[in-house]
Every structure is written in structure tokens, then in C-alpha cells.
**Q** 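Below is a structure I'd like to ask you about.
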Protein chains: 2
Amino acid sequence: MPEAHNLGDMMDRIRALLTVIEEGSVNRAAVRLRITQPALSRQMQALENELGGKLLEREPSGVKPTGLGHALVKSMRPLVESYDTALSELRRQARGERSELRVGYLLSAAQSMLTPALAKLRKSLPEVKLKLHDMSPREQIDGLRAGELDLALIGQEGVAAASEFHSTKLCSLHVCVAVADSDPIAARKSIALKELKGRDFIGVDEDQVPGRNRWSTALCKSAGFKPRFAVVVDGITNVLSQVVSESAVTLLPGYFARLQHPGVTFVPVSDEKARWDFIVLWQKGRASTATRALVDALRQVAATQR
Amino acid sequence: MPEAHNLGDMMDRIRALLTVIEEGSVNRAAVRLRITQPALSRQMQALENELGGKLLEREPSGVKPTGLGHALVKSMRPLVESYDTALSELRRQARGERSELRVGYLLSAAQSMLTPALAKLRKSLPEVKLKLHDMSPREQIDGLRAGELDLALIGQEGVAAASEFHSTKLCSLHVCVAVADSDPIAARKSIALKELKGRDFIGVDEDQVPGRNRWSTALCKSAGFKPRFAVVVDGITNVLSQVVSESAVTLLPGYFARLQHPGVTFVPVSDEKARWDFIVLWQKGRASTATRALVDALRQVAATQR
DNA sequence: TGCCGTTATGCCGGAAGCGCATAACCTCGG
DNA sequence: CCGAGGTTATGCGCTTCCGGCATAACGGCA
């Protein structure tokens, strides 16, 4: 019998040793494990070779653990249990039975849709453990990539990353332009994109809100001009104060019109091409029942809010 | 390629998956792991079959973890680390490098020998982590059997269990008989065992102090009579008070003569056969350097105290 | 002494797993 | 458009691993 250097499954070997020590007999343990005594005897030898020391004292009436055998029992028993539990949970998840659902969203953008959708989910799957995280689009994308989120509600910023995950579009919002109250445009009922040619635009840090500037640029290009970003700020909330202090403009999805911001007026853009998509992203691989249920609920809510 | 149902080593497979996800490529991970890409590809497939779900999304430019893949990374990475650490420690112990030493002893019996032996040990192996446990002989034997002690200092009570462990005799004590101060024997310089024939003996609970009564019985038998145990008490300390209140006697190892007990006198037994052995027991299998060092130190101390 | 329990080990055959070669796909540069 | 270079999947053949069967050796007990 050559010296074993590849050892079947070490965990199974360790489990077998636990059984042998419990029975105090290789033979009786073999019966329990439904293998023959010689196979089990060899497994024990292989384990001893792998660890470099005797685990069992062999006697005519059975076996007794050595000091090393006792130490292995002590350190490995909890480990084997944790391992089995983790594997079991992973198998459940593979079957779609994961009961935890980690959702990322930006509150101001997602609340009107997420709240009713979560109510539906709670009604249909009450045992689901929800973990809700209010975070920026960048954090959402990173969270999905790192496997820390199961699902993200995200706007146009998630479109570029959509191919990395499962995605579905929930709705397409109108776009408005934000201007200072004192701006002549503020009195308008709506405005065409081309009328913004020559105005200063406020951009946002591409790191925090990925794709926002590119989206604005693409829209203006379709209207025949390239926007000049006078200032680039590091967050959405700073955009509006800069619009006022710089007498500039910025393009925003229509849900901003619902937010009151002192000194700022939101004027709808009339161009039909000016749309802001709102999407949901979730991890590739088999989605859990909970994930699918939430995606469905979001679809239904979006359909009724059209 | 038949469907894999026995999976080599699951831990190695999981480790390989962690590498694949880290590299984002089966090919580059295979290079790192020093196996070919096809072998690694199959390992990933085998793992997916075992778990019942896809762990990796395959793309022309490499692989990306699915939601299940992410979940596996999260739950298994700490487990793999703990497992590797535990195996590593077991291998060290197998080589005799265990740095922890759990010692059981009965303080009153062992102190005069243990204290100087521990001083020697601390000098020769200062990094050893000692765990000292004052416990009854029964607890000592149980602790060894359960693998909770590495070494026990024990008297005659350990002799019957000695074959289960490594053992060595440290010394052999004289025996004395304990009597009440008012007893005529109390004025004797020494006494022969046969002179105790007809006296009431006090026994101890065999469960707490295994073998004590059998030892007394054997000694008396060698002197031609069988002792009658008038009372059996549940601990060594209660023996002496019963000696007084029952006007009885009991045989004890000579170290008791060093202890002051009100109303009790200890008279040496003159029979040469009346001996009390003091032994050290340690676990079977390869003993650690620390265990061997302590056994050696105890031997040296016993030799100087002769 | 014989029987029954124990563990270890030789021999054999089947299963597992790896390497090599190849197929298929995608991306990029000329 | 084509070729080069990257990727992953899979067929085939060979080697290694491992379990079952049979047997040897030992100890305990009636």
C-alpha cells in the first residue's frame, strides 16, 4: 500500500475518526458507517500518516485515543459541525431557499416604489429576513460586485454595470432641469434640451454617482451640443446648491420635482428622448424565491405607478 | 466524464474556488495552483454539482462569482482558515511541539514534589503554558480518559488505571495508621499490621478515591486478616473525623503524618510490605517535549527526596 | 482448546482524477 | 476580414486511489 498523499476527503476521514473513538472500535464504527473494517482501518492509518502521529492505540479489545487523538477530537468536532452547517446552508441557497435578502437603494429615489413592494413581499413571504441598506449608486454597485448585496434598486447609474448581473427595467422617468428661482427658465412650463446650449452645467463626481455625467452628455449631444461642466461636486445634494450659486443648470430625473429645495425650480424637459431609467439588479446564478418575489413585486408596483 | 460523487478533498476544492474567484480566471488560478486548466475546470464543475448550483458565471474573458459563489466565499473563508490552523497545530503536537501542558494532581499529596519539579520545568522550557488542576484521584483518571489532562500525579489510586496510559513510579511511601489521640496505639512508636486485627476500619467512597479500600484490604490480607469497614465516607478529609468519633483506624500514606489534624495521631506501620506508591501518568501516543520534561523533572525531584 | 471478538494487511478490480489535445468563443489589432 | 491570443469546456487515455474480500495474528473467555 503506497503512502497516501491524496487523501480522499479529509473531513470525511475526520468524521470517521470521531465515530471510531466514540465506538472504541474500528469494526463497530465500520458497521455504523456502512463500509468494511479494512477500509476504515486504512482510513485511520492514512489520517495518522497525514498528521504525522498516532491517533489511536490499538488493543485486542478495540482502540483508544492517544493524546493526539483527544486533541483532534477537541479541535475538530466544532469545526466539522460548522462546516456541515455552512454546506447545508449553501445547498439550501442553491435551491433558492435563501431566507435572507440584502437590498441596496438610494432612499430619495427608491422609496415611493420600494415601500409598497416590500409590503407585498412581507405579505407573500413573511419569513424573509430583509436587510435594507440606503446607499449611493456607487456603493450599490460595489456591494453587488462584492457579493454583499442580493439586489439593488438603482437608476441610470446602474445601466453600465447591468450586464454583470441580472437586471430588469422598472420604469422610465421624465427628465427635468434644475435652475435657480431667479432664472428666466424657472417661469417656463417646460423646456427643450437645445435651449440649454451655452449654459453652465453642474456635474457630479463620477466615483460617487457613476454614469450621471455621461448620461447628461449623451442627452445634450442628441440635442446638438456638448454640455460644459463648470463645477463637479461630490454628491447629489451639493448639485442643487451649486445650481443656485453658479447660476448653472443640471439635468435630473423627474422624481426630484417631488423634493422641495429652497431657491431651486425644476422645469420639465420636453424632448421625448430625455428619459431616466430606473432598474433593479440582482446577482447572477439562481435567484432565491425571496429575490424573485421582490423583483416581481417591484414590477407590479412600477406598472401601477405608470 | 462520469458525474463526480466522491469529491477528492472538499476543502482543497473550496480553496481552489477561492483562488479562482480571486484571479477571476480558471486559467490563471490553475497556473497558481500548479495544475492544468482542464483539471481545475472540472474541479469547479464537481463543486457546483456537489452544491447543486452554479458558483461561477463563465465569460470569454474569465469567470465571475454568482450570488451562491459569493455566499460560499463569505461562509467558507473563515472556516478554511480555522481548519488549516487546527491541522497545523495538530501536526505540531504530533511532532512533540505542543506548548500547553495540563496537569492534574491532589494538592496535599503532590505539592512537595510538584513545586520543585515545576520550577525545573519553567527553567528549561519557559514558554510552556501550564494549566494546573487540583482534583481528586477520580477526577484525574477521568480527565486523562477524556483527553482533558496531559499528565496526572496520583497515588496508589492510579495504579489500576496505569495500563491505559504511560506511567512511571516516582516513589514508594511508608504507610501509617491513623488513630484517635486517646487510643492506646497513639503512644506507640510503630505498629505491625496484624495488631490491627479486630479493629474497625474507616473506608472511603470507591468512586471518589478509587482503589483505596482495595489497597487497605490487600495489606491487611498480607498480614493475615480481612479489615472490617465500619463506615464508608465520601472523602479523605472525612476519614479522620470518623476515626475519632468511631474509635476506628485507617491506613494512610506517610505524607499524612505531615498534616496536623486535631485529635488524630499517625503511627508508622512497621511491615515492610506496607507501601504506598506515587506515580505519574501521561497520555499514550508521542509525548510532547513539555510532558517529557516534566516527567523527567519529577523523577529527579523524587530521587532527591528519597 | 476452541470460539469469538479484535485490528492489520495482501491482492484485485473499479472509480476518481489528472494531463494532453482539441473545440468553441470572444476581443483586438493589422 | 483575418489571425493571434486570451478564455472555458470536453474527449480520451493513463495513473493513482480506495474499497471489498480473504486471511493472518492476537487476546479473552468458557
Side-chain angles (χ1 to χ4, degrees), chain A residues 1-50 53-66 69 160 163-164 284-285, chain B residues 1-50 53-66 69 160 163-164 284-285:
Chain A
M1 177 76 166
E3 181 173 289
H5 67 277
N6 181 16
L7 206 53
D9 191 61
M10 271 290 278
M11 278 295 188
D12 281 345
R13 296 291 156 75
I14 290 165
R15 257 191 229 101
L17 178 72
L18 297 182
T19 303
V20 167
I21 287 173
E22 194 178 308
E23 289 284 341
S25 154
V26 172
N27 201 47
R28 289 199 300 275
V31 171
R32 242 177 85 182
L33 295 168
R34 296 199 192 81
I35 57 174
T36 61
Q37 174 268 323
L40 186 54
S41 181
R42 289 202 180 91
Q43 285 184 13
M44 297 302 100
Q45 287 177 5
L47 204 39
E48 285 173 326
N49 288 340
E50 183 66 25
K54 288 183 69 174
L55 296 161
L56 300 169
E57 284 295 328
R58 276 77 166 176
E59 302 172 349
S61 56
V63 293
K64 285 204 164 64
T66 60
S163 65
E164 299 177 48
K284 290 213 167 179
Chain B
M1 181 76 172
E3 182 173 287
H5 67 279
N6 181 18
L7 209 52
D9 190 61
M10 271 290 276
M11 278 294 187
D12 281 344
R13 296 291 156 76
I14 290 166
R15 255 189 232 103
L17 179 71
L18 296 182
T19 303
V20 166
I21 288 174
E22 194 178 310
E23 289 284 341
S25 155
V26 172
N27 201 47
R28 289 200 299 277
V31 170
R32 244 178 83 182
L33 295 168
R34 296 199 194 81
I35 58 173
T36 62
Q37 175 268 324
L40 186 54
S41 181
R42 289 200 180 91
Q43 287 184 12
M44 297 302 100
Q45 286 177 5
L47 204 40
E48 285 174 325
N49 287 340
E50 182 67 26
K54 288 183 70 173
L55 295 162
L56 300 170
E57 284 294 330
R58 275 78 166 176
E59 301 171 350
S61 56
V63 293
K64 285 203 162 65
T66 62
S163 64
E164 299 178 50
K284 290 212 168 183

**Q** Locate the shortest heavy-atom distance separating A/Glu57 from B/Gly285; write the atom from each residue and the value.
**A** OE2-N, 3.6 Å
**Q** Would you kindly give the CZ-to-P distance between A/Arg34 and D/dG20, to the nearest whole Å?
**A** 13 Å
**Q** Keeping the roles fixed (side chain from A/Thr66, backbone from A/Leu55), state whether a donor-acceptor pair exists under 3.5 Å.
**A**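 Indeed, once roles are kept as given, a pair shorter than 3.5 Å links the two residues.
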**Q** Apply side chain to side chain contact (heavy atoms under 4.5 Å, CB included) to A/Gln37 and list each qualifying residue two or more places apart in sequence or on a separate chain.
**A** A/Val26, A/Asn27, A/Ala30, A/Ser41
**Q** Taking only residues two or more places apart in sequence, or in another chain, which ones meet A/Arg58 in a side chain to side chain contact (heavy atoms under 4.5 Å, CB included)?
**A**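 Only A/Met44, A/Gln45, A/Glu48, A/Lys54, A/Leu56, A/Val63 meet the side chain to side chain contact (heavy atoms under 4.5 Å, CB included) criterion with A/Arg58.
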**Q** D/dC18 P sits how many Å from A/Glu50 CD, rounded?
**A** 11 Å
**Q** How long is the line joining CG of B/Leu33 and P of C/dC18, in whole Å?
**A**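 B/Leu33 atom CG is separated from C/dC18 atom P by 11 Å.
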**Q** Quickly work out the B/Lys64 NZ to D/dT7 C1' distance and round it to whole Å.
**A** 12 Å
**Q** Could you give the CE-to-P distance, from B/Met44 to D/dT7, as a whole number of Å?
**A** 16 Å
**Q** How many angstroms lie between CG in A/Asn49 and CZ in A/Arg42, if you round to the nearest 0.5 Å?
**A**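 A/Asn49 atom CG to A/Arg42 atom CZ measures 12.5 Å (nearest 0.5 Å).
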**Q** What's the CG-C1' distance between B/Leu40 and D/dT10, to the nearest Å?
**A** 15 Å
**Q** Within this structure, what is the CD1-CG distance for the pair B/Ile14 and B/Leu18, rounded to the nearest 0.5 Å?
**A** 8.0 Å
**Q** Please enumerate all residues that pass side chain to side chain donor-acceptor pair (under 3.5 Å) together with A/Arg32, with sequence neighbours excluded.
**A** A/Glu22, A/Glu23
**Q** Please tabulate, one pair per line, each protein N/O and nucleotide N/O from nucleotides 1-4 of chain C that are separated by under 3.5 Å, including the distance.
**A**
none

**Q** Could you go over nucleotides 6-9 of chain C and give all protein N or O partners under 3.5 Å, atom names and distances?
**A**
residue: C/dT6; atom: OP1; partner: A/Arg28; partner atom: NH1; Å: 3.4
residue: C/dT6; atom: OP2; partner: A/Asn27; partner atom: ND2; Å: 2.7
residue: C/dT6; atom: O4'; partner: A/Pro60; partner atom: O; Å: 3.2
residue: C/dT7; atom: OP1; partner: A/Val26; partner atom: N; Å: 2.5
residue: C/dT7; atom: OP2; partner: A/Asn27; partner atom: N; Å: 2.9
residue: C/dA8; atom: OP1; partner: A/Arg58; partner atom: NE; Å: 2.5
residue: C/dA8; atom: OP2; partner: A/Ser41; partner atom: OG; Å: 2.6
residue: C/dA8; atom: N7; partner: A/Gln37; partner atom: NE2; Å: 3.0
residue: C/dA8; atom: N6; partner: A/Gln37; partner atom: OE1; Å: 3.1
residue: C/dT9; atom: OP2; partner: A/Gln45; partner atom: NE2; Å: 3.1

**Q** Once side chain to side chain contact (heavy atoms under 4.5 Å, CB included) is applied, do any residues pair with B/Ser61, and if so which ones, sequence neighbours excluded?
**A**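 Partners of B/Ser61 by the side chain to side chain contact (heavy atoms under 4.5 Å, CB included) criterion, ordered by chain and then number, come out as B/Glu59.
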